[in-house]
Each structure stands twice: as structure tokens, then as C-alpha cells.
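Chain identifiers are assigned alphabetically (A, B, ...) following the order of the sequence lines, protein sequences preceding nucleic acid strands; residue numbering begins at 1 within each chain.
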Amino acid sequence: GIQVEQSPPDLILQEGANSTLRCNFSDSVNNLQWFHQNPWGQLINLFYIPSGTKQNGRLSATTVATERYSLLYISSSQTTDSGVYFCAAGLTGGGNKLTFGTGTQLKVEL
Amino acid sequence: DGGITQSPKYLFRKEGQNVTLSCEQNLNHDAMYWYRQDPGQGLRLIYYSQIVNDFQKGDIAEGYSVSREKKESFPLTVTSAQKNPTAFYLCASSQRGGRSYEQYFGPGTRLTVT
């Protein structure tokens with residue numbers, strides 16, 4: 001099956017700093033999603049981005065499908081951005097099963 | 001107000017008992033999924049269903065069973081054969097294809113077995 005790797009595993013930022021989270025995947029995908037898991041465990045959909053670039057406020061994401069990676073950019077970070085960020089990929093022709101990475105634990109400090 | 005509901009939020013059971021977790025969606029999605037999350041880990045797929053009365057095993061199906069009798073509902077039974085049932089269980093749904101494969105998740109059920 002598809003392999004999904006995220007980096008870095010942990011990240012500590014000062015409020016106002018920018019960051020880039022990376023997701024590498026091992027095969028051709030028709031689904032690539034970024035999620036933020038809040039302290040209660042709820043997965044919040046950030047981006048559905050099997051290819052291209054999208055922006056939503058302070059967050060943006062880029063997927064380069066031909067090179068098998070995706071990036072999540074967080075600008076002007078806030079303490080509310082803290083939590084775990086997951087990347088998940090679905091293999092083309094794989095029945096839309098998502099394979100998750102192990103996540104990036106982000107802590108934003110004052 | 002469309003979404004996915006899971007109940008209960010917390011569930012406690014004694015070892016050896018079967019337990020059923022509920023998942024309901026009103027998004028009119030054909031496909032539904034069950035994932036398991038262990039502390040500090042990503043999610044792993046247990047079972048998925050692309051259409052009513054049909055479902056397939058995911059990566060870690062042993063010790064679990066599902067049914068899909070209605071489009072809106074996809075209950076998961078954790079049987080006594082599951083060796084490490086204590087975990088956080090998340091249900092998701094998506095369209096079956098077309099313009100988007102985006103999955104949406106419910107709030108989850110935390111199961112503790114002692």
C-alpha cells in the first residue's frame with residue numbers, strides 16, 4: 001500500500017512565526033487531505049488538495065503530485081493553531097481508502 | 001445541519017464483551033469508513049463501505065465487524081476477539097467519486113476496555 005511520511009514530527013513556534021509542514025507519499029494519489037486534530041480529538045478538514053495550490057486565510061497548501069509531496073504553510077501562527085496536523089493520501093484506484101501519516105505536533109507559544 | 005454523529009462519546013466495557021459503536025451521517029454520502037487511532041499515532045482503516053449492503057476490510061479488520069443496511073448508518077462492533085480494543089474510533093464519510101473524494105469525520109468515540 002501507499003506510504004505517507006510527515007515532517008517534522010514536532011514543532012515549537014513563537015506566536016507570529018511562519019512554518020512549513022511536509023508530507024511525502026509513495027504512489028499516485030487521487031486524494032490528499034490535510035487535517036488539524038483539536039484537543040478533543042475532532043479532525044478538522046483543512047484542505048482537500050490532490051494537486052495544485054489552495055489558500056484559506058493564514059493557511060495554504062501545495063501538492064506536487066508528479067513529485068509526490070504536499071506542503072502545508074501556516075503564516076502568522078497563533079496559539080489556537082496548536083495541535084496535531086495530519087496528512088492523508090488515497091491511492092488512485094484504491095477505493096478512496098485514506099492512509100494517514102503519523103502527524104506533526106505543533107505548539108505555538110506566546 | 002449536515003454532518004456525522006457518533007455515539008456515545010465515551011464507552012467503557014469489561015473484557016470479553018462485544019460493544020457496538022454508532023455512526024450516522026446526513027450528508028447523503030455513499031461511502032463510509034471506520035478508523036482507529038492509538039495514542040500518538042495516525043489513523044488506521046478498519047472497514048469501509050462504498051454502497052449499502054457492501055463493505056470491505058481495511059488494514060486492521062481482525063476482531064471487528066460492520067453492517068451497512070442503510071445509507072445513513074454504518075455501525076462498528078468491537079468483538080471480544082479484538083486483542084487491544086482500547087482506542088479512539090473515528091467514523092468518516094465521502095462521496096463515492098465524481099468531483100471529490102474528500103472525507104469528513106465525526107467527533108469520535110473513546111472506548112476503554114478493562
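Between the CZ atom of Phe105(B) and the CD atom of Gln25(B) there is a distance of 13.5 Å, given to the nearest 0.5 Å. Rounding to the nearest 0.5 Å gives a distance of 11.0 Å between OG1 of Thr63(A) and CD of Gln33(A). Atom CD in Gln105(A) sits 11.5 Å away from atom CD in Gln6(A) (nearest 0.5 Å). Here the CG-OG1 distance, from Asp38(B) to Thr86(B), works out to 9.5 Å after rounding to the nearest 0.5 Å.
Hydrophobic clustering (side-chain heavy atoms under 4.5 Å, transitive across Ile, Leu, Val, Met, Phe, Trp, Tyr) keeps Phe35(A) apart from Leu72(A). When the side chains of ILVMFWY residues are joined at heavy-atom separations under 4.5 Å, either directly or via intervening members, Phe88(B) and Tyr35(B) end up in a single hydrophobic cluster. Side-chain heavy atoms closer than 4.5 Å link hydrophobic residues (I, L, V, M, F, W, Y) into clusters, and following such links, possibly through other members, connects Phe86(A) to Leu90(B).
Along residues 106-114 of chain B, the residues that come nearer than 4.5 angstrom to chain A, judged on non-hydrogen atoms, are Gly106(B), Pro107(B), Arg110(B) in order of number. The contact list for residues 73-81 of chain A toward chain B, using heavy atoms and a distance under 4.5 Å, is empty. Of residues 41-76 of chain B, those residues with a non-hydrogen atom less than 4.5 Å from any non-hydrogen atom of chain A are, in numerical order, Gln41(B), Gly42(B), Leu43(B), Leu45(B), Tyr48(B), Gln50(B). Contacts of residues 13-31 of chain A with chain B at a heavy-atom distance below 4.5 Å involve Asn30(A), Asn31(A), listed in sequence order.
With respect to chain B, the highest number of heavy-atom pairs below 4.5 Å among Asn96(A), Leu98(A), Leu43(A) belongs to Asn96(A).
Remark: side-chain polar atoms of Gln6(B) are paired, donor with acceptor, to backbone N or O of Cys91(B) under 3.5 angstrom. Looking only at distances, no side-chain donor or acceptor of Tyr33(B) sits under 3.5 Å from a matching main-chain atom of Lys97(A).
Scanning all heavy atoms of the two residues, the minimum distance from Asn18(B) to Thr77(B) falls at CB-CG2, 4.3 Å. Across Ser22(B) and Trp34(B), no two heavy atoms sit closer than the pair O-CH2, 4.0 Å.
Interface remark: Gln37(A) contributes side-chain atoms only to the contact with chain B (heavy atom separation under 4.5 Å).
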